[in-house]
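Some notes on the structure that comes next.
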Number of protein chains: 2
Amino acid sequence: MALHDDLRSIALAEFAASGYAATSLQRIADLAGTSKASVLYHFASKELLLADIVSPALDDMERLIETIEHGGGLRRAEFVEQFVDLLLMHREVVPLVINQGATLDDVPVMHRATEILRRVTELFRLASGSTLEKLRFGVAFGGVAYTLAAAERLGLSGEIPIDEVRSALLLILRDLLVPAESTAR
Amino acid sequence: MALHDDLRSIALAEFAASGYAATSLQRIADLAGTSKASVLYHFASKELLLADIVSPALDDMERLIETIEHGGGLRRAEFVEQFVDLLLMHREVVPLVINQGATLDDVPVMHRATEILRRVTELFRLASGSTLEKLRFGVAFGGVAYTLAAAERLGLSGEIPIDEVRSALLLILRDLLVPAESTAR
DNA sequence: CACAAAACTGACCGATCGGCCAGAGTCTGA
DNA sequence: TCAGACTCTGGCCGATCGGTCAGTTTTGTG
């Protein structure tokens, strides 16, 4: 059982760092100190390995979306906070979906990820139609997700404590997304 | 000479849509109505084909950076405007660099792209050190770049005229990046 | 200890990849 | 007309990929 989890985390790290297509099962096996056939014993296929890695994050995200869709209207400030918490909780998976989602949408689990992203955008577009609003949304969520994804690559994150990142992201997102209530723009 | 340019634009579209690794030379040849060997006649290798596609955008970006680095201090508002213009001008290349840069940094031209991105971040970090400022920068540029990259995937852009996109992006970026001068935050 | 289930492995398969090469058309200027 | 450069192609190569399978080792349990 330990190897099973090792393989998952090793594969996650490699998929995020080098890309799904560029990461061979052989390399995952080498890093785990086992054989390629052993990897395919624990995960029936490379696609299912990816699905196993990504699905939990997608489940959480879908749950949040449905809660809001069925639970009456949308309270942006509240959603933003929970959304950021989910991104931070699954912050290792975010680069995978963000950077490689478009490339891999023939893989079922990645197609599902794209679909979920689309539902989030629709959630926000209900109330806003102007180009400025649309782009503000795109920059906000794309920016947060991409920042988490590219943080270490560009040396942006470093050793910043998570709760500091959390509060800063919330501030930025509130400025961008929550309709001006207190501050004039 | 026409085929040469056709191959470049076809490859660009495919690399951006399906990913560099997932796009075979055979597929590019098929879409162009020629043979794989013919592609390799025009471009010595797949990597050089990618370099040929990406390099012009990188050249422009590097030129902008050096102008600012050597031309005394940084005037953010000015830089932001020129930066957005460059992103819009090369907006087909942006998805490639943004989404696949991390994955492909063993390819020389993509490593150069990452290096250029890093220089841009340093340009902005000179004056700002707080976590909030760092993340604000990350969200701003990551968000703009990613929005351009993922626009059509999430149905965000659609048929919005470019100059409208331009002015909206400038507004958003000025809010995020230009130190509060007129508006209090 | 016995024995079945689980875990694991080496060898192999077909497919596809990027790249190479000898040669065949095609075009142009002397 | 002919020589030489340019353009293009089919066929081939070695490497690597994901995946299969028969069979061995390890483990847990009565």
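Protein chains get the first letters and strands the later ones, always in sequence-line order, with residue 1 at the start of each.
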Is any side-chain N or O of Ser38(B) closer than 4.0 Å to OP1 or OP2 of dT7(D)?
no

Q) At under 4.0 Å, does any side-chain N or O of Tyr41(A) touch on OP1 or OP2 of dA7(C)? A) yes

Practice problem: Kindly say if His4(B) contacts the phosphate of dT7(D), meaning a side-chain N or O under 4.0 Å from OP1 or OP2. | Solution: no

Is there a donor-acceptor contact under 3.5 Å from the side chain of Thr103(B) to the main chain of Asn99(B)? no

Separation of dG19(C) atom P from Glu47(B) atom CD, nearest Å, is 7 Å

Rounded to whole Å, CG of Leu3(A) lies from P of dA6(C) at a distance of 16 Å

* Would you say the side-chain atoms of Ser55(A) pair up with the backbone N or O of Asp52(A), donor to acceptor, closer than 3.5 Å? -> no

Worksheet entry | dC8(C) phosphate, OP1 or OP2, under 4.0 Å from His42(A) side-chain N/O | yes

Ordered by number, residues from residues 9-17 of chain A within less than 4.0 Å of DNA chain D (heavy atoms) are none

Glu164(B) meets the salt bridge (Lys or Arg N to Asp or Glu O under 4.0 Å) criterion, sequence neighbours left out, with none

When rounded to whole Å, the CD1 to P distance for the pair Ile28(A) and dG18(D) reads 8 Å

key: Salt-bridge present (Arg118(A), Glu122(A); N to O < 4.0 Å)   = yes

Point to revise | Ring-face cation of Lys46(A) near Tyr20(A) (centre distance under 6.0 Å, axis angle within 45°) | key: yes

- Could you tell me whether Asp59(B) and Arg112(B) have a side-chain N and a carboxylate O separated by less than 4.0 Å? yes

| said: Can you tell whether the side chains of Arg27(A) and Asp30(A) come within less than 4.0 Å, N to carboxylate O? | reply: no

task: Report yes if a side-chain nitrogen or oxygen of Thr34(A) is closer than 4.0 Å to either non-bridging phosphate oxygen (OP1 or OP2) of dC8(C); otherwise report no.
output: no

Its contact letters, B for base, S for sugar-phosphate only and - for none at protein heavy atoms under 4.0 Å, make nucleotides 10-18 of chain C read B------SB

From CG of Leu7(B) across to P of dT7(D) the rounded distance in Å is 12 Å

Original post:
Around Arg8(B), counting heavy atoms of other residues, nucleotides and ligands shown, do more than 12 lie under 6.0 Å from its CZ?
Top reply: yes

Centres of the Phe83(B) and Phe141(B) rings: under 6.0 Å?
yes

